[in-house]
Amino acid sequence: MRISVFGVGYVGVVSCGCLAELGHEVIGVDVAAEKLAMLRSGRSPIVEEAIDALIADAVRQGRLTATDDVIAAVHQTDVSFVSVGTPSASDGSVSLKAVEHVITTIGEAIRTKPGSHAVVMRSTVPPGTADDNLVPKLEAASGRRIGDGLHYYSNPEFLREGSSVRDFRRPPFTLIGAPDGDDAAIVRQIYAAIEAPIHQTSLRVAESVKHISNVFHAVKLTFANEAGAVLAAAGVDARDALRLLCEDRVLNISPAYLRPGFAFGGSCLPKDIRGFLSLARQRDIRVPMLQTLLPSNETIVDRAFEAIMRRGRQPVALFGLAFKPGTDDLRESPFVMLAEKLLGKGFDLRIYDRYVQVARLMGANRAYIDREIPHLERLMVASPEAALEGVRLAVVGHVTREDRPAMLSALSGHTVLDLAGIAELQQTRGIDYQGICW
Ligand SMILES: NC(=O)c1ccc[n+]([C@@H]2O[C@H](COP(=O)([O-])OP(=O)(O)OC[C@H]3O[C@@H](n4cnc5c(N)ncnc54)[C@H](O)[C@@H]3O)[C@@H](O)[C@H]2O)c1
């Protein structure tokens, strides 16, 4: 494949060297004359393990050249990779000046190119940048429409400086964002020799995965640093504690708890967070991120409450009262908090929760219900159908598998606020559906 790489900084140079190593013909394009001069003489403009030899070999074998001539670079290649900088603007947003400029100049060059051309965005850009900004610019500058001699893909780079050549050769996966109905064959072909799964998704999702990956890494680092500081101050070998935390691949280092949904609660998480924060205070250790956990959790309850309020005061059916499905445990349940907020605003509320219903009748959790939520107990009904009688707005926190068929058929014609992300709900016809966190 013939590939032009726009922006030969950390990402671009590694792409140039590694794509040439894969057998592609590569042209590096930059506005920095000194970087181009270095590349032409077979030297890497960046310091990275293994990059010097890669660049030298690629230039010697004639597979890597460098130019500032955009038209020539576009006309002589099938694909343009864009890896120019996207630094922070003064207001903290991502500055898209360089990518916008490059996309426009590539588009103008495509206008006079006889064959079709693909543009692959490797720079980190916020979700929606392609659809709302770059694709319209590319179409306007090239005079072509996507799918008609013009292609645009998002293919974010996940390499880390310091191990970037290794990361390019063995990435965790190759992520491709493409417009609907486009199989991104050209991008798949470029990476055919790389042994890594390929995930294809929409342009928006691909852009967002790169963005949130970096935020997630920062959250992990900050968690380790804050928790480690508290543990160390409490005389614990924090490295050993964190090492062992990572040994749990079921709940800790796993997809568990990494799905957008409703607020957490229950008898353990809120209590143990408060306990850990208290330990931090006693040891005088500041933990700004951990301190935000409970307030952040409350904002999720508020968000659901506000979504209900926006629909106007009306009778509401709430499915789920225990803090999560499959239990009758009501301690610190976010659904109890939501129900209380609604009651406080004078909403007419019906609540259905199979397990709480059983506990109420059988006495297992009877004492807690009598003591803590007698005002909610009065609102509990015995079936999904009873909850929905005379009600138009259903708020689904959770519902057991056995109750789903009855609930889904009774929901027809209702407005549904889904706090749980239940796939069958999303697919149910005849309801006015709104998800809260997805
Ligand atoms: N550095 C990393 O570890 C890393 C990893 C993954 C993704 N990214 C993302 O990749 C992108 C590039 O990052 P980087 O660290 O390589 O940036 P960089 O600043 O090292 O390189 C950017 C290059 O683009 C060039 N450039 C600017 N305007 C240009 C134009 N109009 N035409 C051609 N070249 C132009 C600059 O001269 C520079 O050489 C960013 O969006 C970044 O967030 C970076």
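Whatever order the structure lists them in is the order used to number ligands and atoms, beginning at 1.
Short contacts between ligand 1 and Val11, defined as distances under 4.0 Å to a heavy atom of the residue, involve ligand atoms 4 (C), 5 (C), 6 (C), 7 (C), 8 (N), 10 (O), 16 (O), 44 (C). Annotation for ligand 1: atoms under 4.0 Å from non-hydrogen atoms of Leu159 are 3 (O), 5 (C), 6 (C). The contact set between ligand 1 and Thr86, taken as ligand atoms under 4.0 Å from a residue heavy atom, comprises 40 (C), 41 (O), 43 (O). With ligand atoms numbered from 1 in the order given, ligand 1 contributes 30 (C), 31 (N), 32 (N) to contacts under 4.0 Å with heavy atoms of Val102. Against a heavy-atom cut-off of under 4.0 Å, His101 is close to the following atoms of ligand 1: 31 (N). Residue-ligand proximity, Lys35 to ligand 1, at heavy-atom distances under 4.0 Å covers atoms 38 (C), 39 (O). Near Glu161, the atoms of ligand 1 lying under 4.0 angstrom from a non-hydrogen atom of the residue are 1 (N), 2 (C), 3 (O).
Distance screen at 4.0 Å: atom 19 (O) of ligand 1 has no protein heavy-atom neighbour inside the cut-off.
Between Glu161 and Ile46 there is no side-chain heavy-atom pair separated by less than 4.5 Å. Side-chain contact check for Phe276 versus Leu231: some heavy-atom pair is nearer than 4.5 Å.
Side-chain contact, Thr400 with Asp403: a donor N or O sits under 3.5 Å from an acceptor N or O. For the residue pair Glu207/Thr129, the side-chain donor-acceptor check at 3.5 Å is not satisfied. Residues His199 and Thr174 bring no donor and acceptor atom of their side chains to less than 3.5 Å of each other.
The existence of a salt bridge linking Arg311 and Asp432 is confirmed by a sub-4.0 Å separation between a basic side-chain nitrogen and an acidic carboxylate oxygen.
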When the side chains of residues 81-88 are checked against the rest of the protein, which donor-acceptor pairs come out under 3.5 Å, sequence neighbours left out?
unit_1, atom_1, unit_2, atom_2, d
Ser83, OG, Phe6, O, 3.2
Ser83, OG, Gly7, O, 2.8
Thr86, OG1, Thr124, O, 2.9

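Scanning all protein heavy atoms for the shortest distance to atom 33 (C) of ligand 1 gives Asp30 CA, 3.6 Å. In terms of protein heavy-atom proximity, atom 21 (O) of ligand 1 is nearest to Gly9 CA, 3.2 Å. When hydrogens are left out, the protein atom nearest atom 15 (O) of ligand 1 is Tyr10 CB, 3.8 Å; that is the closest non-hydrogen contact. The protein heavy atom nearest to atom 17 (O) of ligand 1 is Gly85 CA, 4.2 Å. Remark: minimum distance from atom 11 (C) of ligand 1 to any protein heavy atom is reached at Val84 O, 3.4 Å.
At least one N/O-N/O distance between Thr124 and ligand 1 falls below 3.5 Å. Between Lys210 and ligand 1, a contact under 3.5 Å exists for no N or O pair. Taking any N or O of Ser83, backbone or side chain, none lies under 3.5 Å from an N or O belonging to ligand 1.
At a heavy-atom distance under 4.0 Å, atoms from both the backbone and the side chain of Ser123 approach ligand 1.
The six-membered or imidazole ring of Phe262 lies away from that of His398, with a centre-to-centre distance of 6.0 Å or more. You'll find the ring centres of Phe264 and Phe323 outside the 6.0 Å limit.
Once rounded to the nearest 0.5 Å, the distance linking OH of Tyr352 with CG of Leu318 reads 13.0 Å.
When the options Glu157, Arg160, His211 are ranked by their closest heavy atom to atom 7 (C) of ligand 1, first place goes to Glu157.
Among Leu159, Asp167, Val165, the one residue that satisfies the side chain to side chain contact (heavy atoms under 4.5 Å, CB included) test with Ser163 is Asp167.
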